[in-house]
Amino acid sequence: MKKIQFFDTTLRDGEQTIGVNFSIEDKISIAKQLVSWGVDVIEAGFPVASKNDFKSVRKIGQEITNCKVTGLARCVKKDIDAVIDALGDTPNGQIHVFIATSPIHREAKLHMTKEEVIETINDCVSYAHQKFTHVEFSPEDATRTEWDFLVRTIRTAIFAGADVINIPDTTGYTNPEEIGELFDYLKDNIPEFDEVTFSVHCHNDLGMATANALSAIRHGATRIEGTVNGIGERAGNTALEEVATMLMVRGDFYQAATNICLNKTFETAKMVSQKSNMQIPNNKPITGANAFSHESGIHQDGFLKNHATYEILTPQSVGVAHSSIPLGKLSGSHAVTVKLEEMGYEIDKNTTKDIFIKFKSIADNQSIVSDDDLVQMMNEMQSVTNKK
Ligand code: KIV
Ligand code: ZN
């Protein structure tokens with residue numbers, strides 16, 4: 001089994017979500033929750049960005065002792081110095097440096113030639129490595145970078161002291177097949193591939209972030225970067241809970257272990273949702289309110305006969321209390337009968353049909369039939385029921 005490390009950037013890329021601004025106290029609570037969830041590295045922030053970012057990275061570095069804590073820096077001396085000041089004296093402090101490598105970023109944003117980019121990587125990674133044993137390097141917009149040049153940037157970073165190479169799909173541009181081929185190319189063209197950790201960082205602009213990250217894992221990445229609930233710049237990042245759950249549910253396929261305590265997933269997602277003021281959508285995989293709810297009669301009937309007909313994991317495995325069978329116009333008589341029996345009614349087989357006709361007439365006019373509606377319905381049908 002290979003081991004996949006989880007690098008959580010909820011506090012850095014996640015905070016780049018429009019409207020999200022965690023207080024220092026929030027950041028510390030989230031960092032502690034991430035530790036108990038089992039992540040391997042917390043990216044606590046971008047210390048040069050603001051006084052508060054600096055303070056929170058420093059505080060998290062001091063308070064979190066059982067997990068690696070990293071700070072982000074551009075390939076710029078003052079950014080690296082800010083990470084050194086924030087984390088340089090903490091036992092678990094690390095640094096993550098990045099520079100854009102794609103033609104569009106080199107030309108339009110950095111105004112740098114390829115040679116200048118290479119020189120800058122060499123200078124800044126060596127500088128960061130003087131202070132930090134562990135240096136992560138990211139060629140920003142890697143998936144839109146010429147592959148042969150990407151290899152040069154990565155090897156330069158490795159020779160300068162980087163021990164983690166992260167491949168960012170900064171604009172969510174790639175797809176699972178292509179990122180798999182890119183990792184195969186890197187493996188074939190970087191003799192040092194197995195001597196360092198290869199990581200992947202995907203954005204969700206085309207809805208592919210989780211799929212792309214999983215493909216990278218299949219093709220050699222052993223670290224995954226992402227956020228809780230998939231929050232992050234624009235359409236967000238890979239949702240770490242989706243990757244962790246996939247690796248568990250399809251352990252037969254991925255053959256990969258993680259340190260994530262899956263049954264703490266829901267409480268972690270709820271905390272980040274509350275502190276980011278971003279509701280988890282009902283249809284969000286794993287943690288959404290509908291993820292373990294069964295609405296149609298055919299599904300409800302199958303689920304009641306054997307949960308595995310429509311559930312590929314138990315809600316408890318990710319920390320959700322139980323599945324639910326909301327009753328609505330698509331529900332079948334099996335689910336309605338089971339629900340009424342759970343509520344304490346004795347349902348005579350001969351009356352099931354009448355009850356169900358009555359139920360349908362109510363359900364047709366509203367989205368969900370509540371317990372109160374059922375009580376009222378049964379009161380109206382007293383002649384055919386016998387409350388226990
Ligand atoms: O998306 C990106 O490229 C980033 C880097 C800083 C890793 O967030
Ligand atoms: Zn990013």
Side-chain angles (χ1 to χ4, degrees), residues 5-18 20 39-50 53 57 68-76 79-80 82-83 86-87 94-106 108-110 117 120-121 124-125 128 134-145 149-150 153-154 157 162-174 179 182-183 186 196-210 212-213 216 221 223-240 243 272 276:
Q5 298 174 33
F6 275 59
F7 175 112
D8 183 281
T9 182
T10 303
L11 301 178
R12 197 278 298 169
D13 215 319
E15 206 189 24
Q16 288 174 219
T17 311
I18 294 174
V20 174
V39 307
D40 302 279
V41 187
I42 294 173
E43 186 161 65
F46 191 13
V48 84
S50 74
D53 248 52
V57 174
K68 306 274 183 287
V69 176
T70 197
L72 184 68
R74 288 168 299 178
C75 268
V76 172
D79 285 31
I80 298 172
V83 180
L87 294 174
Q94 305 192 338
I95 188 164
H96 176 189
V97 291
F98 75 99
I99 187 169
T101 52
S102 64
I104 176 83
H105 281 243
R106 289 194 313 261
K109 186 178 86 174
L110 298 176
V117 170
T120 308
I121 293 170
C124 77
V125 173
H134 300 290
V135 178
E136 169 168 337
F137 170 71
S138 287
E140 189 192 7
D141 205 17
T143 52
R144 291 195 297 166
T145 300
F149 181 60
L150 187 61
T153 65
I154 292 170
D163 62 350
V164 179
I165 301 297
N166 177 49
I167 303 298
D169 181 30
T170 304
T171 54
Y173 178 72
T174 195
I179 200 164
L182 173 59
F183 268 81
L186 297 178
V196 298
T197 298
F198 267 82
S199 168
V200 67
H201 173 115
C202 297
H203 278 269
N204 206 28
D205 299 66
L206 296 174
M208 290 285 118
T210 298
N212 288 340
R223 179 188 276 190
I224 161 118
E225 296 196 5
T227 59
V228 176
N229 300 339
I231 64 173
E233 186 79 40
R234 303 182 312 281
N237 290 68
T238 301
L240 288 181
V243 176
V272 171
S276 60

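All ligand and atom numbering here is 1-based and tracks the order in the structure. As the structure is a computational prediction, the values presented were derived from the model and not from experiment.
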- Query: Which residue supplies the protein heavy atom nearest to atom 3 (O) of ligand 1, what is that atom called, and how far is it?
  - Reply: Thr170 OG1, 2.7 Å

- Query: Which ligand 1 atoms, with their elements, are less than 4.0 angstrom from a heavy-atom of Asp13?
  - Reply: 8 (O)

- Report yes or no: does Asp53 contribute a side-chain atom to a donor-acceptor pair with the main-chain N or O of Phe46 at less than 3.5 Å? yes

- Message: Any donor-acceptor pair under 3.5 Å linking the side-chain atoms of Asp141 with those of Thr170?
- Response: no

- Below 4.0 Å from any atom of ligand 1, is there a heavy atom belonging to His96? yes

- Task: Tell me, yes or no, whether the heavy-atom count around Phe149 atom CZ, taken from other residues, nucleotides or ligands under 6.0 Å, exceeds 12.
- Result: yes

- Note the single closest protein heavy atom to atom 1 (O) of ligand 1, along with its residue, its atom name and the distance in Å. His203 NE2, 3.0 Å

- Item | Residue-ligand contact Arg12/ligand 1, heavy atom below 4.0 Å | yes

- Would you give the length of the straight line joining atom CZ of Phe137 to atom CD1 of Ile167, rounded to the nearest 0.5 angstrom? 8.5 Å

- Item | Donor-acceptor pair, side chain of Asp13 and main chain of Gly232, under 3.5 angstrom | no

- Query: Just checking, is any N or O donor in the side chain of Thr145 or Thr101 under 3.5 Å from an acceptor N or O on the other one?
  - Reply: yes

- Message: I need the atoms of ligand 1 closer than 4.0 Å to a non-hydrogen atom of Glu140, numbered in the order shown.
- Response: 3 (O)

- Message: Determine whether a donor-acceptor pair (N or O, by modelled atom type, separation under 3.5 Å) exists between the side chain of Thr238 and the backbone of Ala209.
- Response: yes

- Note on the structure: When distances are taken from atom 4 (C) of ligand 1, the protein heavy atom at minimum range is His201 NE2, 3.5 Å

- Nearby protein N/O/S atoms (those under 2.8 Å) for the Zn ion (ligand 2), with water ignored: Asp13 OD2, His201 NE2, His203 NE2

- To the nearest 0.5 Å, how far apart are OG1 in Thr9 and CD1 in Ile231? 9.5 Å

- Task: Drop me the distance from Asp169's CG to His203's NE2, to the nearest 0.5 angstrom.
- Result: 8.0 Å

- If we ignore angles and hydrogens, is there a donor and acceptor under 3.5 Å between the side chains of His201 and Glu225? yes

- Quick look: Glu225 vs ligand 1, heavy-atom contacts under 4.0 Å, and the answer is neither

